[in-house]
There are 2 protein chains.
Amino acid sequence: MTGTTENQQAVRRSDATRAAILTAARERFAADGYEKATIRAIARDAKIDPSMVMRYYDSKAGLFAAAVAIDPGLPDLPVEPREAIGRTLVSHFLTLWEENGELTALMRVGATDPAAADRMQSVLREQLIPLARQVGPDPEQAPARAALCASTVLGLALTRYVLRFPASVALDRDEIVDWLGPTVQRYLTAPTP
Amino acid sequence: MTGTTENQQAVRRSDATRAAILTAARERFAADGYEKATIRAIARDAKIDPSMVMRYYDSKAGLFAAAVAIDPGLPDLPVEPREAIGRTLVSHFLTLWEENGELTALMRVGATDPAAADRMQSVLREQLIPLARQVGPDPEQAPARAALCASTVLGLALTRYVLRFPASVALDRDEIVDWLGPTVQRYLTAPTP
DNA sequence: AATGTAGGCCAACGCCTGTTGACAGTCCAG
DNA sequence: CTGGACTGTCAACAGGCGTTGGCCTACATT
């Protein structure tokens, strides 16, 4: 132990370094994807030696896992009024994506790495499908309806934050909510077409 | 020149090899993305020496460019009846994607490679935006409306063919057209919300 | 003040990558 | 039948990668 004799969570002298590594890693992974984001480059950004990364995060895979640990927190969303759930969801996702660069990293890497793809899927399974079951007309359709919602918001994230299509980047927040909100609303609550 | 003295397009003895390389490259790029799809692995699949790849396609980048050369052919789509354009587009994209594995490759690589992302964007610019201009109420909104359509179909392709979310894979073709068709229709033709 | 320990740097390892050039067999035109 | 172009193999290169272990430094405890 270092510093205080308190147990709980000791303040390590290396915390600043750990944070610097994590920040640099998020930026590099988000910008370059998994393979092209080298540990050497991340270490250079964080102004430390590559071996420090191994000391604190064991391996490149461990570093990535630590860098993209994030919880979208869908269960905390207000479900009422039910006819606003579409707009609420879209708005929530936009905020999430613009505050957390690691989501872009997760998506870039998920395109080629099954483990990252799995992490994204777990959000669908554990948060979006339950929500669809809660607000949708038929619990049995929940997976399909949730999948459509996922494809809607991830499609926007793809064109706007990953591929950066100018026409998609140019959309402003309200416009997106106005267009996608009703779409998600329909996927979740409308009767089967 | 070999074979016939005809100019036009000579039949080279190596055409079979070239094709084998291209096929193997498409599979590997689609499955693994750009970095993880090594020339050695592609050559092994095609049962030839890695140096042949360089001889026929100059470099890895050249091979990729040749492997994903494809034209979605949107301009040939029937625009009438106008109220069916949404379903027509979605249906066309589904066919395209299931017939051409290179689209998955292009998307996997586009997630990290700007050049591939550009190629995808050119489809939006040269084919989807003009179409939106043609059928939409206000030509000035064409880029925004086209971008929303792109995010719709690419979102589905992402969850279904790249990330392979089971709930998205489980959707059948008609279901997808029934759900996404009206969405695209609205993005293209509905008044601004 | 002495001492153990955590933080940090350095040099090196083995591996895999894209790419190259020299060499051998095969086919066809003259 | 002979020359030259084409197809293909082999071995090697230079460089970058993740990862490791040894070493010095500086701090916190005793």
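Side chains are part of it too, since the values below use all heavy atoms of this structure and drop only hydrogens, waters and symmetry mates. The chains referred to below are lettered A, B, ... by the order of the sequence lines, with proteins before strands, and numbering in each begins at 1.
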When the distance from [atom1] of [X] to [atom2] of [N] is rounded to whole Å, what number comes out?
X	N	atom1	atom2	result
A:R28	D:dC17	CZ	P	10 Å
B:M52	C:dC23	CE	P	18 Å
B:D15	D:dC6	CG	P	13 Å
B:R13	D:dT7	CZ	C1'	6 Å
B:R12	D:dA5	CZ	C1'	14 Å

query = Under the side chain to side chain donor-acceptor pair (under 3.5 Å) test, which residues partner B:S91, sequence neighbours left out?
reply =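 Only B:R173 meet the side chain to side chain donor-acceptor pair (under 3.5 Å) criterion with B:S91.
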task = Output all residues satisfying side chain to side chain donor-acceptor pair (under 3.5 Å) with B:T152, sequence neighbours left out; order by chain, then residue number.
result =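 Residues passing side chain to side chain donor-acceptor pair (under 3.5 Å) with B:T152: none at all.
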ring-ring contact (aromatic ring centres under 6.0 Å, His included) involving B:F93 - partner list, sequence neighbours excluded =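 B:F93 satisfies ring-ring contact (aromatic ring centres under 6.0 Å, His included) with no residue once adjacent residues are dropped.
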query = Excluding sequence neighbours, so at least two apart, what forms ring-ring contact (aromatic ring centres under 6.0 Å, His included) with B:F64?
reply =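 Scan of B:F64 (ring-ring contact (aromatic ring centres under 6.0 Å, His included), adjacent residues dropped) gives B:F29, B:Y34.
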task = List in chain and number order the residues that pass salt bridge (charged side-chain N to carboxylate O under 4.0 Å, His left out) with B:D178, two or more places apart in sequence or in another chain; answer none if no residue qualifies.
result =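 With neighbours one apart ignored, the set is B:R87.
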Distances for protein N/O vs nucleotides 19-24 of chain D N/O pairs under 3.5 angstrom?
residue	atom	partner	partner atom	Å
D:dT19	OP2	A:K60	N	2.8

Solution key, residues 100-110 of chain B side-chain donor-acceptor pairs under 3.5 Å, sequence neighbours excluded:
residue	atom	partner	partner atom	Å
B:E102	OE2	B:R26	NE	3.4
B:T104	OG1	B:W97	NE1	3.2
B:R108	NE	A:A111	O	2.4
B:R108	NH1	B:A30	O	2.3
B:R108	NH2	B:V162	O	2.8

task = Please identify each residue that fulfils side-chain contact (heavy atoms from CB on, under 4.5 Å) with B:D45, with sequence neighbours left out.
result =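 Result, side-chain contact (heavy atoms from CB on, under 4.5 Å) vs B:D45: B:A24, B:R28.
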message = Between B:I48 and A:E35, which residue's closest nucleotide on DNA chain D lies nearer the 5′ terminus?
response =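 Per heavy-atom nearest nucleotide, the more 5' residue is B:I48.
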inquiry  = Count I, L, V, M, F, W, Y as connected when their side-chain heavy atoms are under 4.5 Å apart, and connections chain through other members. Are A:Y187 and A:V123 then in the same cluster?
reply    =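 No, because A:Y187 and A:V123 fall into different hydrophobic clusters, even though each may have its own neighbours under 4.5 Å.
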task = Under 4.0 Å from any atom of DNA chain D, heavy atoms only: list the residues of residues 104-116 of chain B that qualify, in numerical order.
result =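 Correct list: empty, so none.
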